[in-house]
Amino acid sequence: MQQKGAIQIIEWEDLDKRKFYSLGVFMTLTTRATVYPASLIRTRLQVQKGKALYSGTFDAFCKILRTEGLRGLYRGFMLNTFTLVSGQAYITTYELVRKYVSQYSPSNTVKSVVAGGAASLVAQTITVPIDVVSQHLMMQGQGEHLSRFKVKPKMMLATTKRRPTFGQTRDITVQIFAADGFKGFYRGYVASLLTYIPNSALWWPFYHFYAEQLSLLAPSHCPHLILQALAGPMAAATASTITNPMDVVRARVQVEGRSSVIETFKQLLAEEGVWVMTKGLSARIISSTPTSVLIVVGYETLKRLSLRAELIESRHW
């Protein structure tokens, strides 16, 4: 196992894979449930024109909670749970690519950048169709008029029997397919790659860098997990700030049905000025901070719990 400063890194070959995957599903679901409201708020802020609906993250939270209730903050969540598949694909790709790159470079930064980018490519290929549908579901309610597709209201027959209705997810899915065909589910795919590949490629090296620097500053008896829990949000804030402009473009492309990333970028600048590139940034950082803490604490704990039995006694944290 390799070391980075005082922080020990558990590599792929050190893990009991059965434990790793079974515990990983629970960790991923818990993380997504915790941060989903912030993701929904970020999407609504990025899609709205100017400040037509909300003046900021806190204002959006209060208005959604007041007018739509707690359920409003979790619109589309059930569909979003299918991204558990992409979550497992992400961590598997990250660890395998990291192991492969280690054959050519001992640099932890190189391994993190390449593995993080590759993992995001695989995960986004699975996630984008789910995101396209879930983002339209997120916009139902106060933001419904900003979405191309709307959930049809339930109708009653004259005989008072309920007309057979489909779920909201199926309703939106059928509309997307009718309007755009299969390619509609991959609308914004390029924008997603341009957002999440750099974000992932930046997060991992920044995470290891901050953890290393904190380990040099902290007392020797300070638990590594605390240092890693601090390094995660710092890395997330850094990566989110750098990649937020493309995230705004991605949200507009997917929700408004635009086809060109470059034209969308130019139009946003022309209509709302350079500050449009910061829309949803605070919500993104707010959502990424607990996500990073949960991922770091959960993922590092997961890896320690999944350590092969014969290695447990030799590791000291």
Side-chain angles (χ1 to χ4, degrees), residues 1-12 14-15 24 27-28 30-32 34-35 38-39 42 57 87 90-91 93-95 97-99 101-102 105-121 123 195-247 278 280-307 315-317:
M1 184 167 58
Q2 189 178 359
Q3 280 189 316
K4 182 68 174 174
I7 303 293
Q8 291 183 317
I9 300 174
I10 301 175
E11 302 290 3
W12 181 250
D14 300 326
L15 299 174
M27 184 203 77
T28 303
T30 302
T31 300
R32 292 189 187 283
T34 302
V35 304
S39 297
R42 180 191 75 193
T57 300
Y90 179 95
I91 58 176
T93 303
Y94 177 79
E95 294 293 348
V97 173
R98 182 181 172 86
K99 179 181 178 181
V101 174
S102 67
S105 173
S107 170
N108 191 57
T109 299
V110 172
K111 289 189 288 185
S112 298
V113 169
V114 176
S120 188
L121 172 62
T195 300
Y196 291 112
I197 288 179
N199 190 81
S200 181
L202 289 170
W203 189 89
W204 287 101
F206 272 120
Y207 164 61
H208 289 301
F209 170 77
Y210 288 135
E212 176 189 5
Q213 296 306 310
L214 289 171
S215 72
L216 297 175
L217 297 173
S220 58
H221 61 272
C222 183
H224 292 177
L225 195 59
I226 293 178
L227 303 180
Q228 292 166 322
L230 292 173
M234 293 169 66
T238 304
S240 295
T241 301
I242 295 172
T243 61
N244 196 70
M246 186 51 65
D247 194 43
T278 65
L281 178 58
S282 60
R284 194 173 180 211
I285 292 176
I286 289 171
S287 67
S288 66
T289 296
T291 299
S292 296
V293 172
L294 288 169
I295 286 177
V296 169
V297 174
Y299 190 57
E300 295 294 346
T301 301
L302 168 65
K303 291 174 79 174
R304 293 177 190 185
L305 291 174
S306 303
L307 199 63
R315 299 297 187 247
H316 303 285
W317 314 108

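Side-chain contact of T243 with R284: a donor-acceptor pair under 3.5 Å is present, judged by distance alone.
Judged by distance alone, the side chain of T109 and the main-chain N or O of P205 form no donor-acceptor pair under 3.5 Å. In this structure, the side chain of S107 engages the main chain of V110 through a donor-acceptor pair within 3.5 Å.
We find the OG-OH distance between S112 and Y207 to be 10.0 Å, quoted to the nearest 0.5 Å. Separating the CH2 atom in W204 from the CZ atom in R98 is a distance of 8.0 Å, to the nearest 0.5 Å. Here the straight-line distance linking atom OG of S102 with atom CG of N108 works out to 10.5 Å at 0.5 Å rounding. How far OG1 of T241 is from CG of L281: 5.0 Å, rounded to the nearest 0.5 Å. The distance from the CD atom of Q228 to the NE2 atom of H208 is 9.0 Å, given to the nearest 0.5 Å.
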CA sep, side-chain torsions, deciding dist, call: Y210, L230, side chain to side chain contact (heavy atoms under 4.5 Å, CB included): CA-CA 8 Å; Y210 288 135; L230 292 173; over 6 Å; no
Check against side chain to side chain contact (heavy atoms under 4.5 Å, CB included), L202 and I242: CA-CA 9 Å; L202 289 170; I242 295 172; 3.9 Å; yes
Working for side chain to side chain contact (heavy atoms under 4.5 Å, CB included), residues R42 and D247: CA-CA 10 Å; R42 180 191 75 193; D247 194 43; 3.6 Å; yes
Side chain to side chain contact (heavy atoms under 4.5 Å, CB included) between M246 and Y196, worked out: CA-CA 9 Å; M246 186 51 65; Y196 291 112; over 6 Å; no
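Contact between I286 and T57 at its shortest, heavy atoms only, is CD1-CG2, 3.9 Å. Minimum heavy-atom separation, L227 to C222: CD2-SG, 3.8 Å. In terms of heavy atoms, S292 sits closest to P233 at CB-N, 3.6 Å. Of all heavy-atom pairs between A239 and W203, the closest is CB-N, 4.2 Å. Between S200 and G116 the shortest heavy-atom distance is OG-O, 2.7 Å. Smallest separation of non-hydrogen atoms from L225 and V296: CD1-O, 4.4 Å.
Relative ring orientation between Y90 and Y94 is described as parallel, the plane-to-plane angle staying below 30° on a 0-90° scale split at 30° and 60°.
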